[in-house]
Amino acid sequence: MLKKENRLKKNKHFKYIYKNGETKVLNKLCLTYIKTKFKTYKVGFSVSKKIGKSVVRNKVKRRLRQSFICLQNQVNKKYNYIFVAREGIENMSFLEIKENMKNLIKKCELLNENI
RNA sequence: ACAGUUAGCCAGAUGGUCGCAGUAUAGCUAUGAUGGCUAUAAUGAGGAAAGUCCGAGCUUCAUAGAACAGAGUGCCAGUUAACUGCUGGUGAAGGUGACUUCAAGGAAAGUGCAACAGAAAAUAUACCGCCUAAAAGGUAAGGUUGAAAAGGUGGUGUAAGAGACCACCGCUUGUUUGGUGACAAACGAGGCAUUGUAAACCCCACUCGAAGCAAGGUUAAAAGAAACGUUUAUGUUGUUCGCAUUGUUUCUUAAAAACACCGCUUGAUUAUAUUGGAAACAAUAUAACUAGAUAGAUGACCAUCAAAUACAGAACUCGGCUUAUAGACUAACUGUCAAA
RNA sequence: GGAAGAGUGUCAGAGUGGUCGAAUGUGCCAGUCUCGAAAACUGGUGUACUUUAAAAGGUAUCGUGGGUUCAAAUCCCACCUCUUCCG
């Protein structure tokens, strides 16, 4: 799991990022990001009720978290991120999601490959 | 062997690497705050956690108040904290059977409804018919309609007919016996009057105050703006009475006006044994403490088990009901066929 | 987590248990009008299966499945889907 300080929690923060951040979409995964005001970066995940029942939603959320943990060290740490799942993601395997996330971050030019 | 009925049980396991949650212990740090970080330890979703359909605990709302309205239940006995639940029985219906199902009081307290068709839909003014020569009547056997037509079948009887009378069956009703009781059986009597519908209104008996952990409480509580109101407003399910509070509500800014902490998990708890009971269930003894999150904890990868998983994720807590469900197992019983 | 409400032709939306496949509007089709269109006016029109040479007919269907009733879109029960409200 992510550490507590790296999680987005407040509804207010989510609203702020949605309002002011930039959004990009790739293959049923959506990323909204903005420069951070906190000491470290923060990440949030959003999975809506459209995707399925609670079991399915939990599964998707866990896979998203796990994929982010794998990419954690390669990501630019001066930004806040929200990942939003779209319909169809429940049929993708873990590896597909991980690969997809990596490409999405690359597309936003936030991937720091030197570190 | 095949086909079934009932009851019960399991809900992938083991090992390795990384990672999460609260708890306990130790250390470091220092917040408005019971905070934050690191290490170690053991623990960490279900049989339905689901639907929210019933019932309770718990909390708040005058005194837990009054009346009317409203809602629910409905064979009998037992059981439970409580229930529309459960257990056993009675009756009815279904099945060859094991067995299963049932909102199963009252239509003789009253009101309503029964379309179309039909003579007539409940007070029979009787259409065709039958009978008396006709008139005026008698008749409810036969006909047609309809979901339903005024006890049924067979005889006696008659002008023709009719429970008018008789036998059997059904119905109503009385007594006796058995049973705690629902009810059953036996023996008589009536001579059939009074169709169906109460998951139509209703009557009878019993039960129900309301809202829900987003309940509600604790600490702290700065500045600005708007709306309503001056005995109104708000709360107490609907209405009336009665009662309580004295301002109430909303928005903006700063971590924040709770997004902190309590409520929150030791409980009608779980496991085992014994006793009582036909069973549901109850009593006693011993042992155990077993999730408590708040953008919301169980995941990712690898190996083995022939193969590999269905329905599905705690959100204050229990007892039921209902619905979803791959695969595997246990026990008892029934029918058919074959062989001995 | 808790509390309410809704589901009827293509779409919107009425509907006392009985002549209801079901008012009305909209959409679609045909006609009148016009040089041609629009508007207006008139008439028709749900879907599936079945039967027939065709017309006319028959059966089912008011979210799904049961029940009460002679008879259910309507009454009762269970389930499914959608919507709204409570910080």
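Note on naming: letters A, B, ... go to the chains in the order of the sequence lines (proteins, then strands), and numbering restarts at 1 for each one. All values below come from the heavy atoms of this structure, side chains included, with hydrogens, waters and symmetry mates left out.
- Here the separation of B/rC130 from B/rU144, taken at their P atoms, is 16 Å to the nearest Å.
- Straight-line distance between the C1' atoms of B/rC305 and B/rA314: roughly 32 Å, to the nearest whole Å.
- Here B/rG296 presents its C1' atom at 7 Å from NZ of A/K61, a figure rounded to the nearest Å.
- Of all heavy-atom pairs spanning A/L104 and A/K24, the tightest one is CD1-O, 4.1 Å.
- The line from CE of A/M101 to CZ of A/R63 is 12.5 Å long, rounded to the nearest 0.5 Å.
- A/K59 has its NZ atom 10 Å from the P atom of B/rC311, to the nearest Å.
- Both distances falling under 3.5 Å, in either a Watson-Crick or a G-U wobble arrangement, place B/rC61 opposite B/rG209.
- Nucleotides B/rU298 and B/rA49 place their C1' atoms 15 Å apart, quoted to the nearest Å.
- Pairing of B/rC171, defined by two Watson-Crick or G-U wobble distances under 3.5 Å, is identified with B/rG190.
- A distance of about 8 Å separates the C1' atoms of B/rA148 and B/rA121, rounded to the whole Å.
- Glycosidic conformation, B/rA7: anti, with the torsion outside 90° of 0.
- What separates CG of A/L64 from P of B/rA300 is a distance of 12 Å, to the nearest Å.
- Remark: B/rA1 base-pairs with B/rU336. Criterion, Watson-Crick or G-U wobble with two distances under 3.5 Å.
- Taking a pair to require two hydrogen-bonding distances under 3.5 Å in either a Watson-Crick or a G-U wobble arrangement, B/rG110 pairs with B/rC201.
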Once Watson-Crick and G-U wobble pairs under 3.5 Å are found, how is RNA chain C written in dot-bracket notation, 5' to 3', with | for any base paired to another strand?
-> ((((((((..[[..)..(.....]].((((((.......))))))(((((......))))).[[[[[..)....]]]]]))))))).
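- Summarising the base pairing, B/rA124 is matched to no nucleotide, lacking a Watson-Crick or G-U wobble pair whose two defining distances lie under 3.5 Å.
- Rounded to whole angstrom, the span from the CZ atom of A/R62 across to the P atom of B/rA45 amounts to 12 Å.
- Base orientation at B/rU63 is syn, since its O4'-C1' glycosidic dihedral falls within 90° of 0.
- Rounded to the nearest Å, the gap between the P atom of C/rG21 and that of C/rG5 is 31 Å.
- Nucleotides B/rC20 and B/rA39, compared at atom P, are 9 Å apart to the nearest Å.
- Across all strands shown, B/rA159 has no partner, as no Watson-Crick or G-U wobble contact with both distances under 3.5 Å is found.
- Here B/rG181 is in the anti range [glycosidic angle more than 90° from 0].
- C/rG13 and C/rG87: their C1' atoms are spaced 37 Å apart (whole Å).
- Following rounding to the nearest Å, A/K102 (NZ) and B/rA300 (P) show an atom-to-atom distance of 20 Å.
- Separating the CZ atom of A/R63 from the P atom of B/rG299 is a distance of 10 Å, rounded to the nearest angstrom.
- In this structure, A/L64 is a member of the same hydrophobic cluster as A/V56, with clusters built from ILVMFWY side-chain heavy atoms closer than 4.5 Å.
- For C/rA30, the base is anti relative to its sugar; the glycosidic angle deviates from 0 by more than 90°.
- Pairing for B/rG276 is with B/rC281, a Watson-Crick or G-U wobble pair whose two hydrogen-bonding atom distances lie under 3.5 Å.
- Between A/K98 and A/K102 there is no side-chain heavy-atom pair separated by less than 4.5 Å.
- Glycosidic torsion of B/rG47 falls within 90° of 0, placing the base in syn.
- Across all strands shown, B/rC37 pairs with B/rG27; the Watson-Crick or G-U wobble distances both stay below 3.5 Å.
- With P as the reference atom, C/rC79 and C/rG25 are 41 Å apart, rounded to whole Å.
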